[in-house]
Amino acid sequence: MLYGLLQVFSGVNPLLLSREAAVAFHIASQNRLLRMNSTCPESFDFHFQDDKMTCPFREVEKKAAQLISSYTRDPPLFLQLKDYFWVKTPSLYELPYGTKGAEEILLRLLAITSYSLPESIQSLKCRRCAVVGNGHRLRNSSMGEVINKYDVVIRLNNAPVHGYERDVGSKTTMRLFYPESAHFNPQTENNPNTLLVLVAFKPMDFMWMETILHDKKRIRKGFWKQPPLIWNANPKQVRILNPYFMEVTAAKVLKLPVKQLWKLKQKPTTGLVAITLALHFCDVVHIAGFGYPSSDNKKQSIHYYEQITVKSMAVSGHNVSHEAFAIKKMLELGLVKNLTYF
Ligand SMILES: CC(=O)N[C@H]1[C@H]([C@H](O)[C@H](O)CO)O[C@](OP(=O)(O)OC[C@H]2O[C@@H](n3ccc(N)nc3=O)[C@H](O)[C@@H]2O)(C(=O)O)C[C@@H]1O
Ligand SMILES: CC(=O)N[C@@H]1[C@@H](O)[C@H](O[C@@H]2O[C@H](CO)[C@H](O)[C@H](O)[C@H]2O)[C@@H](CO)O[C@H]1O
């Protein structure tokens, strides 16, 4: 916890400090914490279960509007059946930025899944969210306890929690994934009420989900990696991410040319999409486990849970330095805070 406080208040990686320096830093941070508490009631001190804590009123909204033009919290987080059944909502873009051309399969999928934000999140007085990236920086971070205290914890892809609880925690409110990244056991790597949020990149992704949930004949072709053939998830926990958030991440956060999104190779990482999503429904957004090794450290593992280098991302269509720039901007604006180092 001390490490978390040091990091959040100082922007310095406490893991890089000597013990003495860390203690000195702790004292300085405590003083700063006291000062902040007396002048600014919304400063956070990790007493998350304390209902008396003032929630930073609309601070995320105000700051997000500085980064994201025409920022609005109106679009639903998840796709809804009514928008494809009663009213045919035309979408400007194809997947992953819209649903143009995929309406039919989507309609079938939405008929068997849900789209509401659970009451347990809806009714929260303050939505304090942690977005947990899969980065190696979480390894030996001891951030698990801190992460578990957030009201909403968002995780990504096949990142495990089982066996890594000390560093990454075990609470998972939402997990964003696509078929090729669904190689996790929905039961052991999640909580019973975890929302399984599908980030669709192609109509086949909807089809994969439908065949799994309806136990239809599996389709094996059309994926860049074989998705699971058996995936024991409760359809009530499945949600389909509104592609609006992929579009906003690409066009507003990364400022990619909106009219050419469909033909660009570059696309946002799932983690950046998750941060953008959090900025649209949370009152506090903290991140952990974001950041790739520097270019002179190419042999370093990129994940906290497996030995795999940045080379594995060569054809994945991401520009990690461009994304680092966008995340730095968010940190500078105070829009998000970082629990690990960046
Ligand atoms: C080979 C390949 O395609 N790898 C991609 C993997 C892979 O598909 C899945 O892990 C499933 O195996 O998925 C990605 O990402 P990945 O699953 O590695 O990580 C999830 C998100 O965490 C952030 N991250 C990760 C590592 C790191 N050192 N720093 C970080 O900031 C990123 O925001 C990242 O999005 C993805 O979906 O974005 C992006 C990766 O490019
Ligand atoms: C056209 C096509 O299938 N391209 C594949 C990419 O989508 C895929 O990238 C991966 O695509 C995913 C969506 O399916 C995510 O965006 C992920 O972050 C990204 O790394 C790479 C993986 O190495 O393989 C290509 O052949």
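For ligands, and for the atoms within them, numbers begin at 1 and follow the listed sequence.
Using bins of under 30°, 30° to 60° and over 60° for the plane-to-plane angle, the ring pair Tyr150/His286 lands in the perpendicular bin. By the 30° and 60° cut-offs, the orientation of the rings of Phe177 relative to Trp231 is tilted.
Within 4.0 Å of ligand 1, heavy atoms belong to protein residues Gly133, Asn134, Gly135, Leu156, Asn157, Asn158, Tyr178, Ser181, Trp224, Lys225, Thr269, Thr270, Gly271, Leu272, Gly289, Phe290, Gly291, Tyr292, Ile302, His303, Ser312, Met313, Ser316, His318. Within 4.0 Å of ligand 2, counting heavy atoms only, the contacting residues are Tyr178, Glu180, Phe201, Trp224, Lys267, Val315, Ser316, His318.
Among Lys171, Arg175, His162, the single residue meeting the side chain to side chain donor-acceptor pair (under 3.5 Å) criterion with Asn190 is Arg175.
In this structure, Ile154 CD1 and Ile275 CD1 are separated by 9.5 Å, a value rounded to the nearest 0.5 Å.
Every residue two or more places apart in sequence or in another chain that forms a side chain to side chain donor-acceptor pair (under 3.5 Å) with Glu306 is listed here: His303. Among residues two or more places apart in sequence or in another chain, the ring-ring contact (aromatic ring centres under 6.0 Å, His included) test is passed with Tyr164 by Tyr304.
Met313 and Phe290 are not part of a single hydrophobic cluster, where members link through side-chain heavy atoms under 4.5 Å apart.
Here the two rings, on His136 and Tyr292, have centers that are 6.0 Å apart or farther.
Residues Val238 and Met209 are in side-chain contact: their nearest non-hydrogen atoms beyond the backbone lie under 4.5 Å apart.
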